[in-house]
Every structure is written in structure tokens, then in C-alpha cells.
Amino acid sequence: MPLRDGARVLTDPALRPAARRWRRVTEEAFGIDLVPVTDGPADVVLALASDLPDGGYRIEVRANPAAPGTVHVEAADLAGAHAATQTLRQLAGPAAFRRAPADYRGPSGGTPAPMLPVVRIEDHPRFAWRGVLLDVARHFLPKHDVLRFVDLAAAHRLNVLQLHLTDDQGWRVQIDRYPELTRTGAWRRESTVGTWRTGSRDGRPHGGFYTQDDLREIVAYARDRGITVVPEIDVPGHVEAAVAAYPELGTRKDRSGVRTTWGISQDVLDPSEGSLAFFRHVLDEVLDVFDAPWIGLGGDEVPPTLWRESPQIVERARALGLFGPDGAVDVSRLHGWFVARLAEHVSAAGRRAVVWDEAVSPMLPHDVIVTSWRGYAQGAAALAAGHDVVMAPEQAVYLDHRAGDHPAEPIPVGFLRTIEDVYAFDPLPAELVEAQPAGGRTGRLLGAQAQVWTEHLDSARRVDYATYPRLAAFAEVAWSPRGDREPGSAASKEFLDRLERNHLPRLDAYGVEYRPLAGPHPWQTRPGVQGYPRDLAAETAVGGWAGLGGWREDGGVENLPERSPVDDPAPERDT
Ligand code: ACM
């Protein structure tokens, strides 16, 4: 069915943002006008339907071009309309992903009209939270690249972007009350190149931050595409950049600069009333900039080593009544205590906190959402404890981990996670559900999230390479009904076939520098830069469903027998 120049588009007012987006991309890509109308006959109709599940839609492209309503879309809600219009865009072929027609034939010839196949589609998402995390702290990504990342995520019908805004290596959000956070904390002297184990540095300053107006723009841009931006301010670990700006926040009070290496830092916050007040103020500004119902507080990888060495902090834990099962004061509980206090602050503002799984403790308010990253078991336990959960296990959906075992894989870190592995991701394996005590699972599995950490992704081009096409596999898993998608299964083969035939051409048309299925292009390699591959089978044999990631008293990953000794006992994320 050709979509004619001047086609009339009639939209229910509730669905207008989705219709507007679709009109704009289609007009640009094909050089035609699509005319919004409020009544009368129309070529394209977008209507609300009450018989569809949340986020669901129905599309019918009819064969008779003379009849009004040639393209008929029904959506349960605005989210469904966003998904439907992304499908309409896909139906128009790869050319719909260009910014201008590639086949323009001059003023008299114009361009061929977009063709839509005659189809009937009805669909709805499996999960309400189909997320992707983008780490803009380890490497700053300029605003226009963040907007592009959002646009691409939306094209894959993802609906949450967790923006990891703060970490040891950089603070990326302007906070008016504390200007040093960006004046000092947004910049570092140099960066580690590859794994920190080689000690290799680039000697080149790196940094950047988003103004509050930049972030409001990103939020609005994402909203316009059906994506909620969840800001993450990571506490009480991953704070060296903040401590560099305001040393009184730190346990040592003497940090001199923003961290230049990767890995888990011992320099965590002093969990004092002063630190709490500081971060409440930070969150007040974050709550003002971001309209998401959810606010990330981090809470991952918090070594209590320096807390143990500080008599004042031990005394504080005692005064707060933080004792272990043996009755002795347990400073490590300050971690859960601190996050719980800030979660209450977020709750008081009418939002819900989101934390990484290490922050779960009996002190954590029940409304807090838990993101399970070290493994699956932590998510299952959080569900049993009554928390809503997002599954993001590093064993499956960390897209900074190596996508192949090609000899030229650039900076190969983490587990080998091919596109087929990501496609086989099951957010909550049946074995874990069965292992739960009867009646114990009271939280809701909200969905799943893929992570794009950027220690080794220093540009939008590197982000493209790590993210695509694996994010397409993840997006399909997060959207579609559960199924057998094991590598080699019929579904997996069919997915790869569709990917190659239909989807990679769309990514090509958009201009995504994805990882080719056969391995990197020569210009995508990083000769001489060392990664740190991890062995999933070996770690799973020891750690099981809980994994071995994160900071652990027993050294975790580093204690696996086949590892050679390293100069720092802390495992690092790039590991
Ligand atoms: C994490 O990977 N530390 C959440």
C-alpha cells in the first residue's frame, strides 16, 4: 500500500505525541507531507481501544487505497501508540530510518512513496519495564549522542533509560547548590586504557557534564518517544568524583582528584548526617529535573573496609543499633541504612527509589525497586522479600561484556555474550521460581534491563559497537512472550535470519556502527589494548545463580583458582 503525499492522519488526542513522532520521521525519510486532521475522512487513523492489554496495539493496513482509514491503528494507551508507530516505521522498510530520501529524483521526479505491506498485527509487551542503562559517568557522552541513543532505544520499543550520572570517575549532572560537583567532579586528569591491571593510561584529560536544561531536554525528548529517563545518583559507593569536589563527604577526607582507574573503590561516603543532608539536597534538584516515577540511588559495590578502620564510624553504627547476628556492631550495615534513608526521602517526594541488589536489607522500604545485577538469585530473593524487581544480571545482559571471541574483539572484557546468548536471556528462570518458598514471592517482576557500562566505550562509535545488534535481541526478549530461545533453537535461528534480512539494513540506514555478526571491522578493533575476559562457566560453577560479581569479603572473582595474582584485591567491573 503506498502512503501518499498529503495523506490525512486522524489521531485520538491521547495518542498525539506518538502520531506526531511517526509523521515527522516518515515525512523526513520519504520527503512527503502527512497532514494531521481532527475530523473527516483520513488515510491513517490512530484510535484508542479498550480491549487491549496495557501497552498493546493493533495495526491493520488495508488493501483498498481508495477507502479512508487505509492504515488503521488501535492502541490501549499512549505507550501502545508509541510501539505501534515504531512498527509502522519498520513496515515502511529500511528507508524509513533515514533522515532524508536516498532516492530523490529531482524537483519533478520527487521520491517514491513509502510502501506499507497489507498486514494485520496485534501485539502487546510482556514486561512494563523494558530498560537500558547508559553509563555516562565513566565516559561522558555528549548530549546529542544521548539523544541519538534514546531515539534508537525507542525504535526498539524499549521504554526506560536509566542514566548512570555519577560514579568514581565523573559527576555529570549540574547541581546548583553544589557547583564543585561539576566544576571539579566532572573532569579527570586521564583515563585508564583497557583493564587497570596493565597500568596503561592515556595521559589525556576527560570530562563533561549536562546542565539541568540539557537534562530536561533529554527527558522531554525521551518522553516524546515513550521512554522514561530514570536518573541514577550512586551512593554510598562509587562516589570518588563527589568526594574530590567535597572532601568532607568522604571517609578519608583527603581525596585529591577524580579517579582515573576502573575497579571498585574503597573510598565510599562517610555515612554521616552531613553526607545524608548533602545527598538529600542533590536529590531535591534531581527530583525537580526528572519527572520519572523512579529515581536510582545506586547502592552497589560498597566495601566497608575504611568504615571498619574509623572509630567514629564504628561508633555511629553502634549508636544506630546496627549489630550483626553475633551481637557485635556491624559497620557494613551502614550501607543498607544509608540507602534506606535516601529511599525514604525519594518516597516522601512521591517517587520510588531504585537500587542495585546489594542495597537490599531489612531496613529497605518495601516500595523500593531492586535491580538484580550480580545474578538472578538476588532478584528472586528480593521478590520473596516483597520488592518489585528488574532483572539485569551481568551473566546475560551486560552489553559492555565481549560480544564474541573473535581474536580482534576490541578490549574484550567480561563474559562471552553473543547475540544468541542475549536472545536466550530468561529474566526469571523457572528453576528459581520453583526454588522460592511457597507463598513467598510477593513482589512483582517489573521487567528487565540491559546495561551499557562505558569504562571501555569512550565514544558513541564504541557505544554503538557494544550495544548493537545485541540490544535488538534484548528488546525482543523483553517484549515477547516467554519461549525457548536457546542458541541453536528454531526461534534463535529464525531471529538471526530476521535480524540479517530485516533489521541490520534498518540499522545501516540509521547509521549505527554495530558489531557485524562475523566480528569487528578492522577499524573497530583496538590492537594492543588489553581487556580482562571472565569465564562464565567457571564463575557459575562457584557462584551459581548468585554469581561472583560485586564487592565480596572473600575476594569474589579474584579468588577463583585459575586467576593469577593481581596487584589489587578488588574485582573490577570490566573484569
Ligand atoms: C554494577 O554493575 N555494579 C551495578
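Whatever order the structure lists ligands and atoms in, that order sets their numbers, starting from 1. Fair warning: this is a prediction, and the values are worked out from it, not measured in the lab.
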In terms of side-chain heavy atoms, does Gln451 have a donor or acceptor partner in Trp373 at a distance below 3.5 Å?
no
Note: ligand 1 atoms sitting under 4.0 Å from heavy atoms of Tyr398 are 1 (C), 2 (O), 4 (C)
Counting heavy atoms under 4.0 Å, the part of Gln451 that contacts ligand 1 is neither
Only pairs at least two apart or in different chains count here, so list each side chain to side chain donor-acceptor pair (under 3.5 Å) that has a residue in residues 282-296.
Gln212-Glu285, Arg216-Asp288, Arg223-Asp291, Asp284-His345
Mind checking side-chain hydrogen bond (donor to acceptor under 3.5 Å, both in side chains) for Arg157 and listing every partner two or more places apart, or none if nothing turns up?
Thr87, Gln90
Just checking, is any N or O donor in the side chain of Asp458 or His139 under 3.5 Å from an acceptor N or O on the other one?
no
With heavy-atom distances below 4.0 Å as the criterion, list the atoms of ligand 1 near Trp453.
1 (C), 2 (O), 4 (C)
Whether Arg552 and Asp554 form a salt bridge (side-chain N of Lys/Arg under 4.0 Å from carboxylate O of Asp/Glu) is what I want to check.
yes
Please determine if Asp300 has a nitrogen or oxygen closer than 3.5 Å to a nitrogen or oxygen of ligand 1.
yes
Quick check on contacts: which atoms of ligand 1 are under 4.0 angstrom from a heavy atom of Glu301?
3 (N)
